[in-house]
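Just so it is clear, the values below take in all heavy atoms, side chains as well, and ignore hydrogens, waters and symmetry mates.
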Amino acid sequence: MKPQAKRSSRNRETWVALACLAPATLLLAAVFLYPIASTILDSFSHVSPFGGRSNVGTLDNWRAVFSNAVFTHGVLPRTILWTVGVVSLTIILSLPAAILLHAPFRGRKWARTAMLLPWAVPLPISAIVWRFILDGQIGTLNAVLAKVGIIGPVWLAEAHTALPMMILVGIWASIPFTTVTLLAGLQNIGTDVNEAAALDGAVGFRRFRYVTLPLLRPVLNVAIVLNTVYVFNSFPIIWVLTQGGPAESTDTLITYLYKTYLRFNLPGPAQAMGVVSFFVLLAFAMTYLRLTEREQ
């Protein structure tokens with residue numbers, strides 16, 4: 001085939017590929033890019049409660065957000081603490097659980113099924129159950145403590161106990177998904193790799209450190225990124241347990257954004273908070289993925 005004919009055929013294939021991708025690209029722009037662009041524009045505008053936009057280009061919303069001490073000194077640091085605490089402890093607990101469920105033992109299928117049960121329950125219902133367990137007067141936890149002579153605190157009504165309990169519930173809700181994800185990664189590691197490692201003298205913790213963990217790292221990275229996004233944006237657990245109380249001591253960025261928009265009737269600053277949350281997660285994902293690529 002002549003070079004000119006090859007070039008013409010290649011151009012034709014390119015246009016066909018672009019035509020096939022066009023519907024998906026337009027749909028992605030409609031459901032993803034347009035809301036982001038609209039939110040960013042609203043954050044630099046005066047927005048009425050009915051959605052009207054005026055005075056485009058103003059920085060009043062951003063000044064209101066970053067001059068608010070509750071947001072800058074309370075909500076933002078607490079959101080980071082909540083996210084890092086839940087994600088890090090979830091990974092630490094889920095990894096040995098996945099290794100245990102990967103090992104052959106009697107009743108392994110039942111154990112795997114039991115691990116999935118908390119994941120199958122809708123999150124708001126799980127949060128309601130935990131709210132009953134942690135209730136200071138009729139809660140199950142304080143009832144158990146009372147039987148051994150310990151007077152439990154009002155867990156969700158005191159600032160120094162509400163956030164740790166909230167993190168505990170977040171870990172409980174995140175472990176099933178993370179464990180199943182890591183278990184899938186372990187099952188993709190071939191038995192021949194472990195046999196070769198055993199022949200080379202890598203057994204026990206050494207095999208886990210130098211063979212299993214490096215091969216599991218791509219799945220581990222996905223679990224960390226997804227968990228970070230889910231936990232950072234988590235609303236049902238916090239709202240059902242405390243609604244950000246007491247005295248806004250458990251508010252995260254998502255719950256405080258919700259209050260700002262619907263309770264305080266300030267859609268403009270709420271839009272600015274939404275932009276902050278988007279760019280915080282985007283910066284984290286890009287930084288983490290770049291670091292992992294550099295390690296590889």
Side-chain angles (χ1 to χ4, degrees), residues 21-84 86-87 122-124 127 163 166 170 224-290:
L21 290 173
T25 304
L26 293 175
L27 180 62
L28 179 64
V31 302
F32 182 71
L33 296 180
Y34 173 75
I36 293 175
S38 178
T39 301
I40 294 175
L41 183 60
D42 286 344
S43 70
F44 290 98
S45 309
H46 286 166
V47 183
S48 71
F50 303 101
R53 184 187 298 141
S54 62
N55 197 16
V56 178
T58 181
L59 296 177
D60 291 347
N61 295 328
W62 292 90
R63 293 192 189 98
V65 168
F66 286 100
S67 63
N68 185 354
V70 174
F71 179 80
T72 55
H73 296 86
V75 172
L76 273 182
R78 193 180 304 114
T79 303
I80 295 173
L81 175 62
W82 151 258
T83 305
V84 172
V86 173
V87 173
L123 199 53
L163 184 60
M166 199 171 70
I224 291 174
V225 172
L226 290 181
N227 268 302
T228 301
V229 174
Y230 293 156
V231 173
F232 188 93
N233 290 321
S234 180
F235 182 84
I237 291 177
I238 305 167
W239 193 255
V240 172
L241 289 180
T242 64
Q243 293 191 5
E248 299 176 339
S249 62
T250 58
D251 261 326
T252 62
L253 199 154
I254 300 303
T255 59
Y256 195 68
L257 186 156
Y258 175 84
K259 288 181 179 179
T260 302
Y261 198 110
L262 295 179
R263 285 192 176 180
F264 307 150
N265 200 20
L266 297 172
Q271 300 281 24
M273 293 179 194
V275 175
V276 171
S277 67
F278 171 76
F279 281 107
V280 167
L281 286 175
L282 182 63
F284 163 78
M286 294 179 62
T287 303
Y288 185 80
L289 292 176
R290 179 167 295 183

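- Contact check for F279 versus I40: side-chain heavy atoms found under the 4.5 Å cut-off.
- The closest donor-acceptor contact from the side chain of T255 to the backbone of T252 lies under 3.5 Å.
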Dump the intermediate steps for side chain to side chain contact (heavy atoms under 4.5 Å, CB included) on Y258 and Q243, then the final yes or no.
CA-CA 10 Å; Y258 175 84; Q243 293 191 5; over 6 Å; no

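- Just one residue in the list L266, L76, T260 forms a side-chain contact (heavy atoms from CB on, under 4.5 Å) with M273, and that residue is T260.
- Inter-residue side-chain proximity for L281 and N233 is flagged as met; some heavy-atom pair is nearer than 4.5 Å.
- A distance-only check finds no donor-acceptor pair linking the side chain of W82 to the backbone of L163 [under 3.5 Å].
- A donor-acceptor contact shorter than 3.5 Å is absent between the side chain of N61 and the backbone of H46.
- Applying the side chain to side chain donor-acceptor pair (under 3.5 Å) test to residues at least two apart or on different chains, the pairs with a partner in residues 63-76 are D60-R63, N68-Y256.
- The ring pair (Phe, Tyr, Trp, His ring centres under 6.0 Å) test applied to Y288 returns F284, not counting sequence neighbours.
- Around the OH atom of Y34, the shell of radius 6.0 Å holds no more than 12 heavy atoms that belong to other residues, nucleotides or ligands.
- Between T58 and F44 the shortest side-chain heavy-atom distance does not fall below 4.5 Å.
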Derivation and outcome, side chain to side chain contact (heavy atoms under 4.5 Å, CB included), residues T250 and L241
CA-CA 10 Å; T250 58; L241 289 180; over 6 Å; no

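- F71 is not listed as a side-chain neighbour of P269, based on a closest heavy-atom distance of 4.5 Å or more.
- In this structure, S234 contributes its side chain and Y230 its backbone to no donor-acceptor pair below 3.5 Å.
- The nearest pair of heavy atoms linking A127 to P236 is CB-O, 4.2 Å.
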Could you walk me through whether F278 and T39 pass the side chain to side chain contact (heavy atoms under 4.5 Å, CB included) check?
CA-CA 10 Å; F278 171 76; T39 301; over 6 Å; no

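- Atom CZ of R78 and atom CG of L253 lie 11.0 Å apart (nearest 0.5 Å).
- Side-chain N or O atoms of W62 include one that pairs as donor or acceptor with a backbone N or O of S43 at under 3.5 Å.
- Here CG of D251 is found 8.5 Å from OG1 of T79. Values are rounded to the nearest 0.5 Å.
- Across all their heavy atoms, P77 and G74 have their closest contact at CD-O, 3.5 Å.
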